[in-house]
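Quick note on labels: first sequence line is chain A, next is B, and so on, each numbered from 1. Since the structure is predicted, the reported quantities are computational estimates derived from the model, not experimental observations.
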Amino acid sequence: MELLINMVLLTLLAVITVGIIRVRNLFGVVVLAGAYSFLMASVMIVLDAVDVAMTEASVGAGISTVLALGALHLTKTEEAPPRYSAMIPLFVAVGTGAMLIYGTWGLPAFGLADTPMNTGVGLDYLNRNYGETNIPNVVTSVLASYRGFDTLGETTVIFTAGIGVLLLLKRFQREG
Amino acid sequence: MRLDTILRVISKLFIPFIFIFALYVQLHGDYGPGGGFQAGVILAAGVILYAIIYGLNAAKRAVPIRLVEFLIPLGVLIYGAVGVWGLLVGDNYLEYNNLSHGNQPHGQERGVFWVEIGVLVTVASTMIAIFYAFAGRGRE
Amino acid sequence: MNAWPSETLVLLALSLPALGAVGIAIASRIPNLREAVTLTVAAANFVVVMTLLTRVLDGERPAAGGWEVFGGIEIAFLVEPFGMLFACVAATLWIVNSIYSIGYMRANDEPRQTPFYMCFAVAIAAAIGIAFSGNLLTLFLFYEVLTVSTYPLVTHKGTDEAMAKGRIYLLLLMATSMMLLLPAIIWTWVAAGTVSFAPGGILASAGLPVGAVAVLLALYIFGIGKAAVMPVHFWLPAAMVAPTPVSALLHAVAVVKAGVFTVVKVVVYVFGVDFLATSGAGDWLTYVAGFTVVTASVIALRQDNLKKRLAYSTISQLSYVVLATAILTPISIIGAVMHIAAHAVSKITLFFAAGSIYTAAHLTEVSQLDGIGRRMPWTMGAFAIGALSMIGVPPTAGFLSKWFMLSGGMAAENWVAVGVIFVSTSLNASYFLPIVYRAFFRTPPAPATGHEAHGEGPFPVVLALTITAFTTLAMFFFPDIPFALAEALVGQEVTK
Amino acid sequence: MSTAPLHLQDHLPALQVVLPLLGAVVAAIVRKGPLAWLVALAVSWSMPFIAFALLYEVMTNGTISYAIGGWAPPAGIEYRIDQVNAFLLVLVSIMAALVMTYAPRSVANEIEPERQGWYYAMFLLCLTGLLGMAITGDAFNVFVFMEVSSLSMYVLIALGRDRRALVAAYQYLVIGTIGATFYVIGVGLLFTMTGTLNLVDIADKLQAVENARPVIAALAFIGVGIGLKLALFPLHLWLPNAYAYAPSTATAFIASTATKVAVYLLLRFVFSVYGVDIAFGDTPAATMVLVLAVLAMVAPSLVAIFQSNVKRMLAYSSVAQMGYIMLGIAMVSQTGLTGGISHLFNHAIIKGCLFLSVGCMVYSTGITRIEQMAGIGRTMPLTMGAFVLAGLGLIGVPGTAGFVSKWFLIMAAVEQGLWLLVAVIVFSSILAVIYVGRIIEIAWFREPVNAAVSPRNPPVEMLAVTWVLALATVYFGFDTRITADIAGQAAELLLAGYR
Amino acid sequence: MNLIREIIANYNYLITIFLMVAGLYIVVAKSNMIKTLLGLGVFQTSVYLLYLSPGKILGGTPPILDESFAVYSNPLPHVLILTAIVVGVATLALGLALVVRINEAYGTIEEDEIMDHVDRDDQA
């Protein structure tokens with residue numbers, strides 16, 4: 001059952017992506033992107049990544065969409081027809097895909113418990129978490145404590161982006 | 001016009017709940033899905049909604065831009081400071097074990113709590129600031 | 001000064017000209033003071049070098065430096081007889097050339113004289129660095145410094161032509177040294193495990209196959225573009241755009257001498273004469289050098305521009321040195337060494353004369369020189385002496401060196417070399433003597449042809465060229481010092 | 001209940017990254033340009049001391065491992081410092097300190113007052129990111145700091161005065177993100193196959209992996225991703241405009257550090273994590289990199305000759321110099337790596353000096369186009385004097401730092417009998433002679449024109465810093481203890497791998 | 001039959017790869033900057049799947065410890081992807097800001113048109 005839902009949702013994702021490629025009206029594209037994020041979020045729920053799903057929903061479908069719309073509001077909403085043939089890009093993309101298929105075909109099958117990844121550090125966290133931190137949500141404890149430095153970096157990234165956007169867009173009295 | 005007023009009324013009722021929800025997500029992050037980042041985004045969403053309905057200037061009156069610009073670095077500062085706190089009690093950077101008189105789990109909870117606060121502050125304020133910047137760019 | 005340790009003297013000889021450059025820069029506002037600085041430093045440097053000379057003649061081999069740069073390779077100096085000779089040439093001619101420059105630069109009021117004197121001083125420093133260098137790395141370092149410091153001198157005029165020629169000069173010398181010489185040095189390092197000059201050479205024991213040795217030698221010979229062995233000689237005629245004192249520096253004092261000096265030094269101290277002679281890896285050199293000698297002379301014969309003719313004569317005279325080296329007998333090597341000194345003094349005389357003519361009469365072509373000897377007896381007298389020395393007629397320095405080369409060639413039964421020397425001697429005669437003849441025995445054209453009355457060149461100019469001409473003669477009658485040094489050089493060779 | 005006293009020296013690894021981070025925060029809070037600069041200056045001058053302390057520690061007591069958050073790796077994030085990255089930390093922090101000293105008036109000249117405070121914050125964030133990438137021993141942590149540095153770099157570049165700066169920043173953003181994502185894909189594959197993120201841990205888990213395909217694919221992705229970051233020809237297209245239109249200080253700093261850190265990452269993965277056997281044993285990687293390196297040494301140099309903007313010319317030469325470095329790596333030999341790594345250092349100094357002297361010129365005259373530089377050497381002798389010295393270093397004239405690294409590279413090629421490579425190396429340095437010589441000729445031997453005639457003198461601190469680097473170029477041409485020697489040790493370490 | 005099992009076992013990866021290729025294609029092929037950035041988003045999102053899928057254990061539950069569950073999915077990928085999402089949105093915000101500025105400077109957000117302007121600037 002899990003498996004089936006998972007596959008259905010994924011297929012829908014693929015369909016929407018095609019839409020994103022083909023639609024020329026940028027508003028439409030942004031809306032599709034929002035839907036894409038929602039689907040992605042639900043896939044994440046199926047994959048038991050509830051925190052991630054929540055974030056993806058609020059960020060991908062929420063903030064990103066708002067920002068994109070804001071940007072559209074400041075620029076224009078129709079995509080010009082392509083000037084050059086899309087052969088080379090297609091080649092690049094397909095090449096990457098081929099490399100990926102080559103690479104991923106050796107990956108462990110979906111949903112198994114005894115893969116190196118699921119017997120590695122991840123399991124370790126699950127086992128030791130209770131003794132070391134009183135935080136039932138292992139994601140939170142790993143995020144904020146075991147790999148807290150990543151999260152500091154992540155916060156720094158947000159900080160950087162925030163200041164960056166202000167540097168680029170904020171109007172100071174002198175100009176304008 | 002009427003529609004608009006309805007919208008305003010509803011949202012007036014709605015926005016406080018958004019903030020409460022954000023608070024819940026923030027504090028409940030230890031036990032269920034959620035945490036500083038998600039809460040921050042939701043908080044920002046609330047303000048953005050307010051701005052969309054009552055206009056940018058109203059929002060800027062409610063949440064002044066200077067404050068936001070001050071909060072962005074503050075969050076990181078809080079986070080970084082927790083790490084320094086770890087140093088001060090003689091542990092490694094970002095180590096929480098002795099933040100609460102050597103009681104490791106408590107120390108961890110305390111550290112995580114403050115860290116999440118830091119994340120919340122930076123994320124929320126950044127999102128708001130970015131929204132202000134984009135929205136403000138349009139005028140004149 | 002005699003009390004000072006030799007190491008100090010070596011370092012002093014290296015640093016004095018460099019310091020001189022700084023002094024010149026400081027004094028740039030007051031020309032007289034600036035020239036005073038140049039002359040004093042040159043004189044001081046001369047004294048230092050001479051003091052070293054006495055010690056080297058006493059058999060001392062002063063060393064200095066020894067700062068490790070990487071992986072056991074040092075910046076090191078070792079004064080051996082041959083280097084000593086080159087240093088003497090450079091130090092002596094620096095004084096004379098400075099005197100001459102002062103006269104020339106002022107008479108033709110050239111622009112930007114401060115950078116000129118600065119670069120000149122640096123070039124001298126580089127030349128002495130080459131002379132005293134104790135290993136290939138040090139030599140290469142100063143070799144490139146010399147290239148870089150002379151580039152502004154070549155482009156001194158600042159005209160588009162000067163810059164175009166400057167480009168050729170810089171590119172050719174840089175290209176050869178970086179693309180051929182540097183790999184050759186590194187190859188030597190990898191093969192022999194050292195790059196220090198050693199009597200008898202360092203490659204003999206490296207166990208390279210003969211073919212590889214020949215290739216390596218080729219990398220060296222053509223990598224040392226300053227030796228102007230054809231086909232890497234273009235830069236020398238190109239550099240004729242520079243003012244005469246610079247030409248003198250290039251042709252006599254530093255640059256080309258640095259080239260042939262390096263060639264001889266590499267053959268003697270890196271390959272080792274015996275090793276080359278026995279392995280036969282150097283035989284091809286005779287032909288290349290011989291070809292250059294003859295071809296360059298032929299070209300010189302066809303030049304009407306005086307400085308161009310002198311330039312090509314230089315190319316051929318340089319290959320005399322290479323040829324003499326390629327004969328690979330002690331006698332011929334002595335000849336090579338002697339010829340470096342002999343050619344230096346004679347060729348500088350010729351260039352001084354050419355410059356003097358240009359300054360006084362603004363003439364550049366051979367065909368314009370009819371009867372000029374009457375107006376400028378000193379200049380043309382000196383020119384005649386220089387020319388005779390070039391041809392190798394006694395009583396001039398050129399005779400001695402050629403004599404040794406010939407006897408060396410005979411001894412080695414290297415008939416190619418011998419033949420080349422005979423042919424080119426006749427060629428030399430046929431492109432120098434006509435000039436002397438015109439100058440003295442042709443009647444000067446009527447003033448109508450824009451031949452305004454003029455006398456000798458400026459005093460410093462005439463003084464300088466008289467000194468060098470006199471030296472050219474003196475070296476024939478008192479060849480003891482260069483001879484002693486040369487013998488010391490091969491002496492090590494023979495006893496080895 | 002243990003509150004041991006605080007021993008700062010034990011926490012230098014953390015401080016190396018946290019100080020600039022907090023510095024950036026403070027700078028962003030104070031907001032006023034001059035104040036922010038003071039903060040940035042204080043922080044960036046503390047960096048070299050920490051870096052040297054770490055280097056000394058490593059040289060004396062070997063590798064340092066620091067567990068962030070007190071969680072022993074692989075559960076926690078480990079900071080792991082050995083000769084290789086200690087060397088890099090020194091380089092990056094020194095460049096930061098120098099550029100920051102140089103900065104105030106140049107920035108005041110190029111950035112509006114209101115933006116300056118945040119500009120310095122961005123600068124420190126960039127520094128944080130680079131140091132973080134260099135110091136961490138955790139594959140994913142690398143990614144996080146890669147993004148910190150990248151995002152701040154995009155902003156720094158976009159702040160250039162020319163409108164082309166915006167486009168350059170945008171293109172760099174797109175390409176940089178693709179690169180980072182490729183890197184993450186690679187790490188993801190590794191993570192899936194090994195179940196860990198700690199580099200050392202990955203290294204020894206890789207032995208057990210029987211199915212090699214995902215592992216090799218991971219290497220490919222990581223390689224391409226980092227290749228984009230370090231502008232490995234032909235993935236360099238973002239670089240020239242980025243360098244050309246960014247503010248002088250940003251260009252100088254980025255050009256001398258960012259690509260170097262990327263190279264370090266590549267070295268780390270290829271040699272330490274994968275090890276020579278896996279990386280080069282059953283893949284054509286070495287040959288491919290060799291070919292690319294050769295192309296990189298020639299093609300961009302040719303392009304550089306025909307540039308009309310001096311900063312762009314230097315940018316293309318940077319791409320070519322990366323070719324030298326990659327060549328040293330691709331020869332997979334002690335000597336080659338020594339050459340490559342020492343060139344990392346030498347090129348940073350040389351390029352830093354060149355861009356800083358151009359910065360002085362821009363400050364005084366606003367000139368960046370080459371034909372306008374006519375005669376500027378006579379009106380600004382000090383500035384262009386430094387340019388000439390560093391230019392000679394770029395060519396690799398003996399007595400300059402550039403010569404040392406070239407010596408090792410040629411030597412490596414000769415050792416392996418790769419005569420063609422020798423030819424390429426020397427040929428591309430002749431190309432350097434051409435494009436540097438062109439500038440020198442125009443700057444010194446042409447008659448000055450309009451703007452170049454009467455420039456305002458560049459401030460003393462700008463000239464001072466530029467000359468410090470110029471003299472360093474000469475100094476490291478003779479004293480190679482902190483370049484070639486340490487590079488040699490680093491090379492040994494890398495060839496040994498993590499196992 | 002066997003192939004189908006193979007495909008089911010690797011379905012997540014296949015979709016992941018498809019999304020990657022699609023995203024990359026948008027980035028490289030499209031000239032419109034906003035669309036490019038959205039494509040970049042798709043490209044990054046696909047990585048989320050690459051990390052999350054292998055972390056899923058069939059029959060497992062979200063990694064929130066509780067007596068009533070025994071099998072949990074791997075928490076580590078979740079943490080990493082949280083960070084990745086943040087990076088994604090940060091990049092998007094910055095990119096859009098740049099696009100807005102570019103639009104103000106050049107009056108268009110079509111990259112090939114802008115490159116024409118850039119070339120003209122280079123000539124001038």
Side-chain angles (χ1 to χ4, degrees), chain A residues 2 7 10 13-14 17 21 26 29 33 40 44 47-52 55-56 59 63-64 67 71 74-75 79-80 82-83 86 89-90 92-93 96-97 100-101 104 107 109-111 113 115 117-118 121-122 125-126 130 136-139 142-143 147 150 154 157-158 161 164-165 168-169, chain E residues 8-13 15 17-22 24-26 28-29 31-32 34-35 38 41-42 45 48 52-58 60-66 71-76 78-79 81-83 85-87 89-90 92-94 96-101 103 109-110 112:
Chain A
E2 257 183 323
M7 288 174 72
L10 287 171
L13 262 181
T17 318
I21 297 181
L26 294 174
V29 175
M40 183 57 85
M44 288 166 170
L47 295 177
D48 294 341
V50 279
D51 291 79
V52 188
T55 319
E56 175 64 18
V59 171
I63 296 293
S64 305
L67 291 182
L74 295 176
T75 58
E79 177 190 357
R83 220 190 262 185
L90 203 60
V92 172
T96 320
L100 271 161
I101 294 181
T104 49
L107 289 179
F110 177 68
T115 62
M117 187 202 225
N118 298 337
V121 187
Y125 290 132
L126 288 168
Y130 248 134
N137 183 348
V138 183
V139 174
V142 174
L143 184 84
R147 294 187 66 87
D150 266 352
E154 165 192 337
V157 168
I158 293 285
V165 172
L168 289 173
L169 289 188
Chain E
I8 292 177
N10 288 299
Y11 195 71
N12 288 53
Y13 300 132
I15 294 293
I17 292 167
F18 174 78
L19 297 184
M20 270 180 201
V21 173
L24 201 57
Y25 173 78
I26 299 178
V28 187
S31 158
N32 182 296
I34 289 184
K35 193 150 184 180
L38 293 174
V42 174
T45 335
Y48 308 166
L52 293 176
S53 306
K56 163 69 178 173
I57 296 173
L58 283 173
T61 62
I64 299 171
L65 302 180
D66 187 301
V71 184
Y72 301 98
S73 290
N74 191 340
L76 185 46
H78 304 177
V79 178
I81 292 315
L82 276 173
T83 312
I85 293 179
V86 174
V87 169
V89 68
L92 180 71
L94 210 50
L96 289 172
L98 277 170
V99 171
V100 170
R101 284 290 302 280
N103 185 56
I109 59 171
E110 295 293 329
D112 24 9

Before giving the answer on side chain to side chain donor-acceptor pair (under 3.5 Å), spell out for E:S73 and A:D48 the whole-Å C-alpha distance, their side-chain angles and the decisive distance to 0.1 Å.
CA-CA 6 Å; E:S73 290; A:D48 294 341; 2.6 Å; yes
Apply side-chain contact (heavy atoms from CB on, under 4.5 Å) to residues A:L168 and E:L94 and explain how you reach the verdict.
CA-CA 9 Å; A:L168 289 173; E:L94 210 50; 4.2 Å; yes
For A:L26, is it the side chain, the backbone, both or neither that has a heavy atom under 4.5 Å from a heavy atom of chain E?
side chain
A side-chain contact here means heavy atoms from C-beta on lying under 4.5 Å apart; do A:V139 and E:L82 qualify?
yes
Are any non-hydrogen side-chain atoms of A:T115 and E:N74 less than 4.5 angstrom apart?
no
Hey, which of E:V28, E:L24, E:N32 has the most heavy atom pairs under 4.5 Å with chain A?
E:N32
A side-chain contact here means heavy atoms from C-beta on lying under 4.5 Å apart; do A:I21 and E:Y25 qualify?
yes
Between A:T17 and chain E, with a heavy-atom cut-off of 4.5 Å, which part of the residue counts as in contact: side chain, backbone, both or neither?
side chain
Could you tell me whether the side chain of A:E154 reaches within less than 4.5 Å of the side chain of E:V87, counting heavy atoms only?
no
With a 4.5 angstrom heavy-atom cut-off, could you sort out which part of A:V59 is near chain E: side chain, backbone, both or neither?
side chain
Would you mind reporting whether E:T45 and A:E56 have side-chain heavy atoms less than 4.5 Å apart?
yes
Using heavy-atom distances under 4.5 Å, tell me whether A:L67 contacts chain E through its side chain, its backbone, both, or neither.
both
What part of A:M117 gets closer than 4.5 Å to chain E, counting heavy atoms only: side chain, backbone, both or neither?
both
